[in-house]
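Working notes, beginning with the structure itself.
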Amino acid sequence: MPSRPDTPPPAALFGRPRQDRFLRFLTHFADRYLALTTRTDPTGRHPATSRPPLRLTVTDRRAVAEDVVALRLAAADGTPLPPWRPGAHLDLRLPSGRTRQYSLCGDPAERHAYRIAVRRLPGGGGGSVEVHDTLTPGARVTVAGPRNAFPFAAQDRVLLLAGGIGVTPILPMAHEAARRGLDWRLVHCGRTRASLPLADELAALDARHPGRVHVRADDEHGPPDAARLLADAPPGAAVYCCGPGPLLDAVRAAFEASPAGALHAERFTAPPVVDGRPFSLRLRRSGTVLSVPADRTALDVLRAEDPATASSCRQGFCGVCRVRVLAGPVEHRDRRLTPAERAAGDMLVCVSRAPEGACLELDL
Amino acid sequence: MRQPADEPDGLVLQPRDVAFDWAGLPMHWIPGEPMATHVVNVLHLLLPEGERWFVRTFQEALPLITDDELREQVLGFIGQEALHADAHEGVLDHLHARGLDPGPYLRHVEFVFRRVLGERPGLPPHRARAYLTERVALIAGIEHVTAFLGDWVLNARGLDRAGADPTMLDLLRWHGAEEVEHRSVAYDLLRHLDPGYVRRTRAMFIAGPVLVRLWISGTRFLMAADPELPARSRPTWRGYTAAARRGLLPDPRRAARSAGRYFRPGYHPTHEGSTRQAVAYLGTSPAARAAAH
Ligand code: FES
Ligand SMILES: [Fe+2]
Ligand SMILES: [Fe+2]
């Protein structure tokens, strides 16, 4: 309960029972201070800054494995691009309007171009197919970033584990580890050798640093065994793992029993919507009705309407996206709200939904 | 001085869904050091209210942000602070169950963050915006302090040597690491709303001493309310400096120097603390690792 502006200070902690003097002083001070300092509004006096997204051109494209292309992206006028560190990614805004994140797999010292590698996934959301089909040399693409959701802390001993296309963020880490003279090892796993992207670059790395790069293909060595992979980690090593979900899960499960000391994996925000049905939202203040498709969250739709919509984890645990529902049946999917909060009409719009065709009236 | 150029940057901030089990936590979780324990325990009293106030304030600021990247940073920050508040509240519940009722002091903290710095309905729009900026400036100042403390606790080998409770150390270091990780956000938001020198330093001038005063009264309160200490136990300055020499508490001279750096015109939070160290700790933290599942 927010206390009312005229609430008196609570009692002092020590001594005679009376209002706490320090808090009384603070109250008077704040009231006077704010009366003075809020006379003029500072915002708007200075032009608001915002960095425009980068418009880049595909300057090179080459196949680096079955179904995998590597693209070089550069500014049309050749200006240097914002710097990045291993583990960083770009948000590519594709011509269809889709946004996809791809790890940077080039050399951070190369300031005039970025490199990404993309595997064509015909069954996916269509982003990788679009990249393969439309991003040919000369094509324009808008990108945001680089941002880093998989930072490399360059510990003294590191084990880099890559599964398939997951080698993209790992490769720059290996280069940095080599540059810093760390004790590092890289293991690249995949179905077959031909399916492993950037194999020539790993081979070159291996030639320069014998014994540090290991390639294992399932058709030669059998499926990877996470416990065995981790057993080779130097004691206390930091493990950086990027690859398909099952590999990551297996590494997590085997981690505690391994000699390794730290585990780092890329952090993704929003998991895809599972088993969603379309429904709609009605905003009380404006009366606007918004429809939420089966594959998007209520939060996505609200953010598209108002970018200042609050949210954070987008996984239903932080509570920041809480909205009051005035009417309509909510299908709660969060792991935070108490039964009392749900009964009062609270909803976490990043994950929770409504039955097919239902309309939720929100206090917005 | 560490080199920011060699650090990961542009970090995507996200809250981590951590959980801690306090069932086995002793009252004096730095064994034999009740005063140092309670100086640190003041965090559990101040932070749940304080960080929720950060969250409310920053939510209010969202509509004023015109930079997409800054908005994403602020959203990540809000979630991290919300989870910090929850985690510290868990310790409070445990203290209460062990016979230390934090209620009287909590009412002071609530008064500060809800009455003194709370909503002020009825302000005309320009004053409401200026009040918001003023609070963001206070938060930027406090975040300089939390980043200093985060950096300190990540490096406080004295706590390991003294055999401090490992779960509590993980809470403090996970929180400290996230404070270091997000140390620029409040400052960057303030610069976005008001790039001036005056508001930022004026706010620190106020936030610093008030925080010190709240800390002292919090420690006094906890030592007096601790059922396992003799009646009329009090913290002393001598006790503080002795504990600081053993590495159990931050060195007051280093704290003062750090606060002084905030007043430099060229100040930026990235010059304080190490993102690399924070990232490295989050890879080893049992709570942060479990949260990644
Ligand atoms: S954004 Fe965290 S609960 Fe919805
Ligand atoms: Fe925090
Ligand atoms: Fe913080």
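Below, chain A is the first sequence line, B the second, and so on; all start at residue 1. Being a predicted model, the structure only gives us computed values, none of them experimental.
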Strictly distance-based, threshold 3.5 Å: is any side-chain N or O of B:Glu49 a donor or acceptor partner for the main-chain N or O of B:Leu46? no
Quick check on B:Arg232: does its CZ atom have over 12 non-hydrogen neighbours (other residues, nucleotides or ligands) under 6.0 Å away? no
At a heavy-atom distance under 4.5 Å, which candidate from A:Ala238, A:Ala154, A:Pro9, A:Ala310 has the highest pair count against chain B? A:Pro9
Do the side-chain N and O atoms of B:Thr275 and B:Arg183 include a donor-acceptor pair separated by under 3.5 angstrom? yes
A:Pro108 versus chain B, heavy atoms under 4.5 Å apart: side chain, backbone, both or neither? neither
So what's closer than 4.5 Å to chain A heavy atoms on B:Val279: side chain, backbone, both or neither? both
In terms of heavy-atom pairs under 4.5 Å with chain B, the winner among A:Pro82, A:Ala308, A:Gly319 is A:Ala308
Please rank B:Val116, B:Val55, B:Val112, B:Leu70 by heavy-atom pairs under 4.5 Å with chain A and give me the top one. B:Val116
Please, which pairs that meet side-chain hydrogen bond (donor to acceptor under 3.5 Å, both in side chains) have at least one residue in residues 143-158 of chain A, sequence neighbours excluded? A:Arg147-B:Glu69, A:Gln155-A:Tyr240, A:Gln155-A:His264
Does any backbone or side-chain atom of A:Phe150 lie under 4.5 Å from a heavy atom of chain B? Answer side chain, backbone, both or neither. neither
Answer key: most heavy-atom pairs under 4.5 Å with chain A among B:Leu83, B:Ile65, B:Leu123 is B:Leu83
Where does A:Arg24 contact chain B at under 4.5 Å (heavy atoms): side chain, backbone, both or neither? neither
Between A:His28 and A:Asp31, does any side-chain donor sit less than 3.5 Å from a side-chain acceptor? no
Donor on one side chain, acceptor on other, A:Thr99 and A:Asp91, under 3.5 Å: no
Run the side-chain hydrogen bond (donor to acceptor under 3.5 Å, both in side chains) test against A:Arg100 and tell me which residues pass, sequence neighbours left out. none
Quiz question: by atom type and distance under 3.5 Å, do the side chains of B:Arg115 and A:Thr7 form a donor-acceptor pair? no
Distance-only side-chain donor-acceptor flag, B:Asp67 / B:His192, under 3.5 Å: no
Between B:Tyr281 and B:Trp174, is the gap from one ring center to the other below 6.0 Å? no
Check: B:Gln277/B:Asn155 side-chain N/O donor and acceptor closer than 3.5 Å: yes
Given a strict heavy-atom distance threshold of 4.5 Å, which part of B:Arg191 is in contact with chain A: side chain, backbone, both, or neither? neither
Which atoms of B:Ala128 approach chain A - backbone, side chain, both or neither, heavy atom under 4.5 Å: neither
Heavy-atom cut-off 4.5 Å, strictly under: side chain, backbone, both or neither for B:Arg127 against chain A? both
Between A:Pro151, A:Gly261, A:Ala30, which has the largest tally of heavy atom pairs under 4.5 Å with chain B? A:Pro151
In terms of heavy-atom proximity below 4.5 Å to chain B, should A:Arg336 be classed as side chain, backbone, both, or neither? side chain
So for A:Asp306, is it side chain, backbone, both, or neither that comes closer than 4.5 Å to the heavy atoms of chain B? neither
Exercise: do B:Gln80 and B:His175 side chains pair donor with acceptor under 3.5 Å: no
Contacting region of B:Leu132 [heavy-atom separation from chain A under 4.5 Å]: neither
Is chain A contacted by the side chain of B:Leu11, its backbone, both, or neither, given a heavy-atom distance below 4.5 Å? both
By a 4.5 Å heavy-atom criterion (distance strictly below it), what part of A:Phe152 contacts chain B: side chain, backbone, both, or neither? backbone
Residue-level interface, residues 100-108 of chain B with chain A, non-hydrogen cut-off under 4.5 Å: B:Pro104, B:Tyr105, B:Arg107, B:His108
Not counting sequence neighbours, which residues clear side-chain hydrogen bond (donor to acceptor under 3.5 Å, both in side chains) with B:Arg135? List them please. B:Glu60
Quick check against the 3.5 Å criterion: does B:Asp188 have a side-chain atom that pairs as donor or acceptor with the backbone of B:Val185? no
